[in-house]
Amino acid sequence: MEPIEWTAAGIRIIDQSRLPHELVRLDLTTLQEVAEAIAVLRVRGAPLIGIAGAYGLALCGQAIEADGRSRFMEELRRIAGALASTRPTAVNLRWALDRVLAAAERGADVAASKAAIIAEAQAIHQEERQATRRLSELGAGLIGDGSTVLTHCNAGALATGGYGTALGVIRAARAQGKRIEVFATETRPLLQGARLTAWELMQDGIPVTLITDSMAGHFLSRRRIDCAIVGADRIAANGDTANKIGTYALAVLARENGVPFYVAAPLSTIDRSLPSGDGIPIEERPPEEVTRIASLPVAAPGVRAANPAFDVTPHRYISAIITERGRVTAPYQGGIAALFAPPPAQSEGGPSG
Ligand code: MRU
């Protein structure tokens, strides 16, 4: 599955807002189209919006008519700011935009910068694809043969460069020959679990049972779940993790019932500038997403509704964070810092063996 592609026509995406009933691809060609697609969740999931943002900036950068480098960079930064503001919680977006801006800075002139930003966006896509593949393989060892795994929202191929984080771990465990069953929460208000996770798993022939969010405690307490695994939108330096609203409640319920709770995410989701989850900005979305279900009004007209799109799970509820550089367990502060440590210097003559 290719949730995003860089083509001659622009950025080709699967419009996730129409799944699972229609598999429609859209070509995004302007800043307005890219920003709208991210804001209304046609493209979604932290790693994927990073990739979409990078491609969006590369695409819009080609259209900048500026002779001088400083005018070009000024305009590129304005576009990056507009893209960054579409979804504030997933740090992957800001991380990817900053990488593309840095690549532009390195160009000797405008033409070189325009070429460099396309190459950088493609490199981000490629690296993120490899990172999710690797972390999935590293995480698969945590899932025992015959396990039933609980997941929330959609952290699958659709949310990444094409393999998944939480669902990637499940896929990799299956590829190792393990028998795995999944319980997927529907994930109100936008139903990413019902619409996307259940669909992805069915495509792969992985047995899945769809439950409403409020059923999770029941199944955890009845010993129907062996472990829970979710993705992440931003992980602070101490391991506190922002993910789809409802994740915190699942983590607390998992702890209460003695069920391991894992987070799977690439390094691009870790924000070491934040000492704890207290500083993670939480996106507030329109109240109509709560008062309606799939555009059908369900609440009393005029009722006040709150709609935080994410919550923060304190690190003490997390059994392990799975990344492409390895798994980290408590104490997280040191373990997360070590993930970013440069590899040990090679001795003269290079590695042996
Ligand atoms: O609002 P969404 O659908 O973009 O939220 C997505 C999630 O919360 C995912 O769990 C997270 O981005 C990880 S995706 C690999």
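Remember, it's 1-based here, ligands and their atoms both numbered in the order they're listed.
The atoms of ligand 1 that sit less than 4.0 Å from any heavy atom of R87 are 1 (O), 2 (P), 4 (O). For ligand 1, the atoms lying closer than 4.0 Å to a non-hydrogen atom of T160 are 15 (C). Of all atoms in ligand 1, numbered sequentially from 1 with element shown, those under 4.0 Å from a heavy atom of A159 are 14 (S), 15 (C). Listed by number with element, the atoms of ligand 1 under 4.0 Å from a non-hydrogen atom of A46 are 12 (O), 14 (S). For ligand 1, the atoms lying closer than 4.0 Å to a non-hydrogen atom of Q192 are 1 (O), 2 (P), 3 (O). In summary, the atoms of ligand 1 found under 4.0 Å from a heavy atom of D233, numbered by their order in the structure, are 7 (C), 8 (O), 9 (C), 11 (C), 12 (O). The atoms of ligand 1 that sit less than 4.0 Å from any heavy atom of F310 are 1 (O), 5 (O), 8 (O).
When the options T165, L41, L167 are ranked by their closest heavy atom to atom 15 (C) of ligand 1, first place goes to T165.
The shortest separation from a heavy atom of A309 to ligand 1 is not under 4.0 Å, leaving the residue out of contact. The shortest heavy-atom distance from A232 to ligand 1 is under 4.0 Å.
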Please step through side-chain contact (heavy atoms from CB on, under 4.5 Å) for the pair D233 and N243, ending with a clear verdict.
CA-CA 5 Å; D233 286 80; N243 190 50; 3.3 Å; yes
After noting the C-alpha distance and the side-chain angles of R174 and D204, does the key distance pass the salt bridge (charged side-chain N to carboxylate O under 4.0 Å, His left out) rule?
CA-CA 10 Å; R174 266 278 288 217; D204 278 3; over 6 Å; no
Kindly indicate, with the supporting measurements, whether the criterion side chain to side chain donor-acceptor pair (under 3.5 Å) is fulfilled by R195 and N154.
CA-CA 9 Å; R195 295 187 302 105; N154 173 264; over 6 Å; no
Just do the side-chain contact (heavy atoms from CB on, under 4.5 Å) check on Q333 and H315 with the steps written out, would you?
CA-CA 10 Å; Q333 191 91 39; H315 60 85; over 6 Å; no
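Taking 4.0 Å as the cut-off between side-chain N and carboxylate O, E127 and R134 do not count as a salt-bridged pair. Remark: R188 does not engage E186 in a salt bridge, criterion side-chain N to carboxylate O under 4.0 Å.
Of the heavy atoms in K244, both backbone and side-chain atoms come closer than 4.0 Å to ligand 1.
Counting protein heavy atoms only, atom 3 (O) of ligand 1 is closest to R44 NE, 2.5 Å. The protein heavy atom nearest to atom 10 (O) of ligand 1 is N243 OD1, 2.6 Å.
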Pair up each side-chain donor or acceptor in residues 4-15 with any protein partner under 3.5 Å, not counting sequence neighbours, and list the distances.
{"residue": "T7", "atom": "OG1", "partner": "A9", "partner atom": "N", "Å": "3.1"}
{"residue": "T7", "atom": "OG1", "partner": "G10", "partner atom": "N", "Å": "3.3"}
{"residue": "T7", "atom": "OG1", "partner": "G10", "partner atom": "O", "Å": "3.1"}
{"residue": "R12", "atom": "NE", "partner": "D27", "partner atom": "OD1", "Å": "2.7"}
{"residue": "R12", "atom": "NH2", "partner": "D27", "partner atom": "OD1", "Å": "3.3"}
{"residue": "R12", "atom": "NH2", "partner": "D27", "partner atom": "OD2", "Å": "3.1"}
{"residue": "D15", "atom": "OD1", "partner": "S17", "partner atom": "N", "Å": "3.0"}
{"residue": "D15", "atom": "OD1", "partner": "S17", "partner atom": "OG", "Å": "2.6"}
{"residue": "D15", "atom": "OD2", "partner": "R42", "partner atom": "NH1", "Å": "3.1"}

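Side chain to side chain, N238 and S276 fail the donor-acceptor criterion of an N or O pair below 3.5 Å.
A cation-pi arrangement is absent between R224 and F183, since the terminal nitrogen or guanidinium carbon is not both under 6.0 Å from the aromatic centre and inside a 45° cone about the axis.
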